[in-house]
There are 2 protein chains.
Amino acid sequence: MAEKIRYSEDVLEIAKITKALSHPVRVYIIKKLAGMHSCCYSGDLVDEIPVGRSTLSQHLKELKYAGLIQGETEPPFIKYCLNRENWEKARVLFADLLELKK
Amino acid sequence: MAEKIRYSEDVLEIAKITKALSHPVRVYIIKKLAGMHSCCYSGDLVDEIPVGRSTLSQHLKELKYAGLIQGETEPPFIKYCLNRENWEKARVLFADLLELKK
DNA sequence: ATTTCATTTCGTAATTTTGCGAATCATTAA
DNA sequence: TTAATGATTCGCAAAATTACGAAATGAAAT
């Protein structure tokens, strides 16, 4: 019986990111932020995404928890932006996994 | 009230892949297959990954369902390999999302 | 101080995921 | 044919995810 491994930091970090991106709502939001708009308002999202306000809030919370986005309060709205620093880390991890060039 | 969107094929496809990769066990397996070894045996995995046989089987099933791997029976073992065709598609989708070069 | 507006949190329900051991299946060896 | 071996499926339980509406929050306007 061989030794059981411990997941490397990379594996755990990738799983954390993929988990955050494992739902169409969240992929949609990140795709939007990673593209042209690097920020958007929760109010705009609720108009276009077919999901209730409170549900959207939970999805945003998960993306925040995973470190992929951050919210700046800009009364009376909340502006959500891509967390560029962590996004860069994600790019490195995925470039490695997928053997892509940065 | 603006129009609700429909998720694009890309968004749905990315969500399917990220969901398949949203667990450390499955990231570990894919990382292994995408690296040096492009194939491995279920029996070897069960020795190194801290999870029971039946549970591992379920994880492999999910990766298969998502199209990321395929299993060739090679009695008395089953050899799992990366599904290169779909992996290439995944690379394109992620390269786009992460703005990486192929 | 009260109202208003955008958003989040709470409470809850339905569904899915994860994990295990026991039972089953498929193939080879005896 | 019968055992042995490797792997999957079944049955189940615990935990997590997803979704919603109602209630609560916080900041600005009246």
Side-chain angles (χ1 to χ4, degrees), chain A residues 1-2 4-7 11-12 14-30 32-33 37 39-66 68-81, chain B residues 1-2 4-7 11-12 14-30 32-33 39-81:
Chain A
M1 180 76 81
K4 301 287 184 179
I5 56 99
R6 250 179 185 291
Y7 304 116
V11 164
L12 294 175
I14 290 173
K16 186 176 177 180
I17 295 167
T18 46
K19 189 177 166 195
L21 291 176
S22 68
H23 190 289
V25 167
R26 300 193 294 264
V27 172
Y28 178 86
I29 294 168
I30 289 296
K32 184 164 196 160
L33 295 184
H37 331 60
C39 293
C40 70
Y41 294 91
S42 154
D44 296 336
L45 291 175
V46 92
D47 283 340
E48 44 187 320
I49 300 178
V51 84
R53 271 173 196 286
S54 58
T55 304
L56 177 63
S57 226
Q58 280 183 88
H59 285 299
L60 289 168
K61 193 173 161 186
E62 282 194 64
L63 289 173
K64 232 188 304 182
Y65 168 76
L68 295 178
I69 64 169
Q70 52 202 332
E72 301 170 44
T73 160
E74 199 176 75
F77 305 106
I78 295 181
K79 187 166 80 172
Y80 282 100
C81 302
Chain B
M1 183 76 78
K4 302 286 185 179
I5 56 101
R6 253 178 183 291
Y7 304 116
V11 163
L12 293 174
I14 290 173
K16 186 176 177 180
I17 297 167
T18 47
K19 189 177 168 194
L21 290 176
S22 69
H23 191 288
V25 166
R26 301 193 293 266
V27 172
Y28 178 86
I29 294 168
I30 289 295
K32 184 165 195 160
L33 295 183
C39 293
C40 70
Y41 294 92
S42 154
D44 296 337
L45 291 174
V46 90
D47 283 340
E48 44 187 320
I49 300 178
V51 83
R53 267 177 193 286
S54 58
T55 304
L56 176 63
S57 228
Q58 280 184 85
H59 285 299
L60 289 167
K61 193 172 160 186
E62 282 194 63
L63 289 173
K64 231 187 306 184
Y65 167 76
L68 295 177
I69 64 170
Q70 52 202 331
E72 302 170 42
T73 160
E74 199 176 77
F77 304 106
I78 294 181
K79 187 166 79 170
Y80 282 101
C81 302

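Chain A is the first sequence line, chain B the second, and so forth, proteins listed ahead of strands; every chain is numbered from 1. These numbers were taken from a predicted model, which means no experiment stands behind them.
- Cation-pi check for A:K16 over A:Y65 is met; the charged atom lies under 6.0 angstrom from the ring centroid and within 45 degrees of its normal.
- Looking only at atom types and distance, the side chain of B:E74 has a donor-acceptor partner in the side chain of B:Y41 under 3.5 Å away.
- Distance A:F77 CZ to D:dG26 C1': 15 Å, rounded to the nearest Å.
- Residue B:P75 has its side chain nearest to C:dT27 when only C:dT27, D:dT18, C:dA6 are considered.
- A:S54 comes within contact range of at least one nucleobase, with a heavy-atom separation under 4.0 Å.
- The listed nucleotides are C:dT27, D:dT8, C:dG19; the one nearest the side chain of B:S42 is D:dT8.
- Side-chain atoms of A:Q58 lie closest to D:dC20 of the nucleotides C:dT18, D:dA7, D:dC20.
- A sub-4.0 Å separation between OP1 or OP2 of C:dA22 and a side-chain N or O of B:R53 is absent.
- B:H59 has a side-chain polar atom (N or O) that falls below the 4.0 Å cut-off from OP1 or OP2 of C:dG19.
- Ring geometry for B:Y7 versus A:Y28: interplanar angle over 60°, hence perpendicular rather than tilted (30 to 60°).
- Ion pair B:K4/A:E48 not flagged as a salt bridge, since none of the NZ, NE, NH1 or NH2 atoms sits closer than 4.0 Å to an Asp/Glu carboxylate oxygen.
- Closest non-hydrogen pair, B:L21 versus B:L63, comes out as CD2-CD2, 4.5 Å.
- The nearest whole Å value for the distance from the CG atom in A:L63 to the P atom in C:dT7 is 16 Å.
- In this structure, CZ of A:R26 is placed 12 Å from C1' of D:dA16, rounded to the nearest angstrom.
- To the nearest angstrom, P of D:dA7 lies 9 Å from CG of B:L56.
- Of the two residues contacting DNA chain C, namely A:Y80 and B:P50, the nearest-nucleotide position lying further toward the 5' end is that of A:Y80.
- Atom CG in B:L21 sits roughly 12 Å away from atom P in C:dT18 (whole-Å rounding).
- What separates NZ of B:K61 from C1' of C:dT17 is a distance of 13 Å, to the nearest Å.
- Side-chain N/O atoms of B:T55 include none lying less than 4.0 angstrom from OP1 or OP2 on C:dG19.
- Put simply, NZ on B:K79 is 22 Å from P on C:dA26, counting in whole angstrom units.
- Between B:H23 and C:dG19 there is a side-chain N or O to OP1 or OP2 distance below 4.0 Å.
- The distance between atom CD1 of B:I69 and atom C1' of D:dT8, rounded to the nearest whole Å, is 13 Å.
- Using a 4.0 Å heavy-atom criterion, one finds that A:K19 contacts the sugar-phosphate atoms exclusively.
- For B:P76, whose side chain is taken as the heavy atoms from C-beta onward, the closest listed nucleotide among C:dT8, D:dG6, D:dT8 is D:dG6.
- Residue-level contact check: B:E62 touches the backbone only, with heavy atoms under 4.0 Å from sugar-phosphate atoms and none from bases.
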